[in-house]
> 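There's a structure below that I have some questions on.
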Amino acid sequence: MKRILAATAVTLLAVSATACGGDEGGGSDGKTKVVFSYWGSDARQKLTESAIAAFEKKNPTIDVEGDFSDWDSYYEKLATKTAAGDAPDVMSIEIRGLAEYSGRATLADLNGKVNTADLDQEVLKAGQVDGKQYAIPTGVNTFPMIVNKATVEKAGLRVPDDKTWTWDEYIALSQRVTQKGDGRVWGTEYNENPAFLQLFAAQRGEQFYQNGRIGLSEQTIKDWWALLQKIISTKAGPDAALMLETGTKVDQALLATNASAFGSWWSNQLTALSKGSGQELDLLRMPKAEGATTAGMFLQPAMYYTISSKTEQAAAAQKFVDFLVNDPEAGGILLSDRGMPTNAKVVAAIKDKLTPTDQKVLAFIDSIRSELSPISIPPKGAMEMEDILKRAT
């Protein structure tokens, strides 16, 4: 049913209509009204409301209305609003939706409209489609292996050198952790996130997408599934039933409940994982295939800020996005919630405010910068890929 609803919403998006963005250009109090849609947790909502309040204090003639949704309903709601001609003025989207939304003339070209001079220019390119800057990255994530060193050491084992370890060494080490765990701790958890497969393929010189199509070879996909099967069959990690039960929500992760030593998650989820476990967790490069020259690590925008092409409040919307990515006050409120900021001046201003966990993420990202694979923007249809891959896996 969710797939049917999502497909219907995407179809509706094609007939995107005209007016949008709230009260005919202003509220009853004479202020300019800007609607900002975003998804996330209760914690993100609180942070965002604080950032909105700070912006409104600096811009007393602009009223920002937050349009918050949980992740499961976000795109369905956004597509329906857009199709009805009621698109929010400022919209959060993720990398898989960029080609879809920009290709339907839904998003405004922000080139020259938002100050991007201090943003990481390579990351900024990941918001461009056909030479137009449709999206401004909120910050960056990477997809590392996360480890509970205490769990590994309790099993009488050592955390490996992440510059050299292989998939076979990772599985063997995880298997030994499971054996020492007496049924209470697994060596590793795993998931079917496309980022995992993207890394695995990059180690073989393949791209997930190429020229608007799947760029993976059949053999690479088979070998990735074989890797997951080996984790299960060797009891390095739990069977598929348990992984389905724990789901992909970070608060249900085996790492977050101290039931696993290793697991791969997005770097901005380290705080939630650490908070859940009550223990110190660390980030590692992903293991490599034998003979691979790269671990396939990449930076990816955690999400984007975009502006509706139909907004009647373009100037106010641009000012709000500029505040979110360039103002140290906004950076000091949001910190790493939407990924680590790519504005070097903002990072320098907020560095002392970052938690020890965020400091780890920042240091890890800096340590792998010279090894990164290029950021690639998925083509139209990529929003369905995660569900397709999950069902097949």
> Distance check, rounded to the nearest 0.5 Å: I214 atom CD1 versus I388 atom CD1?
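So the gap between those two atoms works out to 8.0 Å.
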
> Just how far is it from atom NZ of K288 to atom CH2 of W167, taken to the nearest 0.5 Å?
12.0 Å

> Of F55, F320, F68, which is the lone residue that meets ring pair (Phe, Tyr, Trp, His ring centres under 6.0 Å) with F36?
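Of the listed options, the one satisfying the test is F320.
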
> Quick one: closest heavy-atom pair of I375 and P301, and the distance?
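Residues I375 and P301, closest heavy atoms: CG2-CD, 4.3 Å.
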
> Could you check F208 against W224 for ring-ring contact (aromatic ring centres under 6.0 Å, His included), going step by step and ending with a plain yes or no?
CA-CA 13 Å; F208 200 112; W224 183 65; 8.9 Å; no

> Under the side chain to side chain donor-acceptor pair (under 3.5 Å) definition, can you give me all pairs with a residue in residues 324-338, not counting sequence neighbours?
R44-D337, T48-R338, K58-D327, K58-E329, D322-N326, N326-N343, S336-D358

> So which heavy atom on V34 is nearest to which on A316, and how close?
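The answer is CG2-CB, 3.6 Å.
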
> Looking at Q219, I'd like to know if its CD atom is crowded, meaning that more than 12 non-hydrogen atoms belonging to other residues, nucleotides or ligands lie closer than 6.0 Å.
yes

> Begin from the C-alpha positions of L228 and E192 and carry the test side-chain contact (heavy atoms from CB on, under 4.5 Å) through to its verdict.
CA-CA 9 Å; L228 297 181; E192 67 288 331; 5.6 Å; no

> With sequence neighbours excluded, tell me which residues meet salt bridge (charged side-chain N to carboxylate O under 4.0 Å, His left out) with K125.
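K125 satisfies salt bridge (charged side-chain N to carboxylate O under 4.0 Å, His left out) with E122 once adjacent residues are dropped.
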
> Measure the spacing between CD of Q300 and OG of S373 and express it to the nearest 0.5 Å.
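Spacing of CD (Q300) from OG (S373) equals 12.0 Å.
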
> Begin from the C-alpha positions of Y38 and Q45 and carry the test side-chain contact (heavy atoms from CB on, under 4.5 Å) through to its verdict.
CA-CA 9 Å; Y38 65 100; Q45 186 179 19; 3.4 Å; yes

> Side chains of T220 and S217: is there a donor and an acceptor less than 3.5 Å apart?
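Yes, side-chain donor-acceptor contact under 3.5 Å.
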
> Tell me the closest heavy-atom pair linking P144 and L284, and the distance in Å.
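In terms of heavy atoms, the two residues are closest at CB-O, 3.3 Å.
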
> Around atom CG of D366, are there more than 12 heavy atoms from other residues, nucleotides or ligands closer than 6.0 Å?
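More than 12 heavy atoms, drawn from other residues, nucleotides or ligands, come within 6.0 Å of this atom.
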
> Would you say R176 has more than 12 foreign heavy atoms packed within less than 6.0 Å of its CZ?
no

> Taking all atoms of both residues into account, what is the closest heavy-atom pair of L324 and A51, and its distance?
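Looking at all heavy atoms of both residues, the shortest contact is CD2-CB, 4.5 Å.
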
> So that I can tick it off, tell me whether E94 and R96 are bridged by a salt bridge, with the cut-off set at under 4.0 angstrom between side-chain N and carboxylate O.
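Yes, R96 and E94 are salt-bridged.
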
> Any donor-acceptor pair under 3.5 Å linking the side-chain atoms of W265 with those of E189?
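E189 vs W265: donor-acceptor pair found between side chains.
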
> Given side-chain contact (heavy atoms from CB on, under 4.5 Å), test L299 with R369 step by step and report yes or no.
CA-CA 9 Å; L299 290 183; R369 281 190 184 277; 3.7 Å; yes

> Closer than 4.0 angstrom, basic N to acidic O: yes or no for E386 and R391?
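So E386 does not pair with R391 through a salt bridge.
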
> Give a yes or no answer on whether the side chain of S277 reaches the backbone of S274 with a donor-acceptor pair at less than 3.5 Å.
yes

> State whether K33 and D89 are salt-bridged, where the test is any N-O pair (Lys NZ or Arg NE/NH1/NH2 against Asp/Glu carboxylate O) under 4.0 Å.
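Looking at K33 and D89, the cut-off is not met.
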
> Supply the atom-to-atom distance Q252 CD to L254 CG, rounded to the nearest 0.5 angstrom.
10.0 Å

> Taking atom types as modelled and ignoring hydrogens, do the side chains of Y305 and T138 form a donor-acceptor contact shorter than 3.5 angstrom?
no

> How are the rings of W165 and F262 set to each other: parallel, tilted or perpendicular (split at 30° and 60°)?
tilted

> Any donor-acceptor pair under 3.5 Å linking the side-chain atoms of W39 with those of S92?
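There is no such pair between these side chains.
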
> Any salt bridge between D109 and K132, counting N to O under 4.0 Å?
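Answer for the salt bridge query: no.
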
> Would you call the rings of F298 and W266 parallel, tilted or perpendicular if under 30° counts as parallel and over 60° as perpendicular?
perpendicular

> Salt bridge check, E56 against K31: does any charged N sit closer than 4.0 Å to a carboxylate O?
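No, no charged N to carboxylate O under 4.0 Å.
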
> Which heavy-atom pair separates V123 from P137 by the least distance, and what is that distance?
O-CG, 3.6 Å

> When you measure from the side chain of D168 to the backbone of I171, do you find a donor-acceptor pair of N or O atoms at a distance under 3.5 Å?
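Checked: no pair found.
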
> Checking V185 against T178 for the side-chain contact (heavy atoms from CB on, under 4.5 Å) test, could you report, in this order, the C-alpha distance in whole Å, the side-chain angles of both residues, the deciding distance, and whether it holds?
CA-CA 6 Å; V185 177; T178 300; over 6 Å; no

> Among T142, D161, D162, find the one that has a side chain to side chain donor-acceptor pair (under 3.5 Å) with R285.
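With R285 as partner, side chain to side chain donor-acceptor pair (under 3.5 Å) holds for just one option, D162.
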
> Taking all non-hydrogen atoms of both residues into account, name the closest pair between K351 and L362 and its distance.
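Smallest heavy-atom distance, with atoms named: CE-CD2, 4.0 Å.
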
> Counting distance only, does the side-chain N/O of Y134 pair as donor-acceptor with the main-chain N or O of T106 below 3.5 Å?
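No; judged by distance alone, with no hydrogens or angles, the pair does not exist.
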
> Taking the basic N atoms (NZ, or NE/NH1/NH2) and the acidic carboxylate oxygens, is any pair closer than 4.0 Å for R104 and E100?
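Yes, R104 and E100 are salt-bridged.
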
> Pair S69, Y75 - check side chain to side chain donor-acceptor pair (under 3.5 Å), show working.
CA-CA 9 Å; S69 304; Y75 276 113; over 6 Å; no

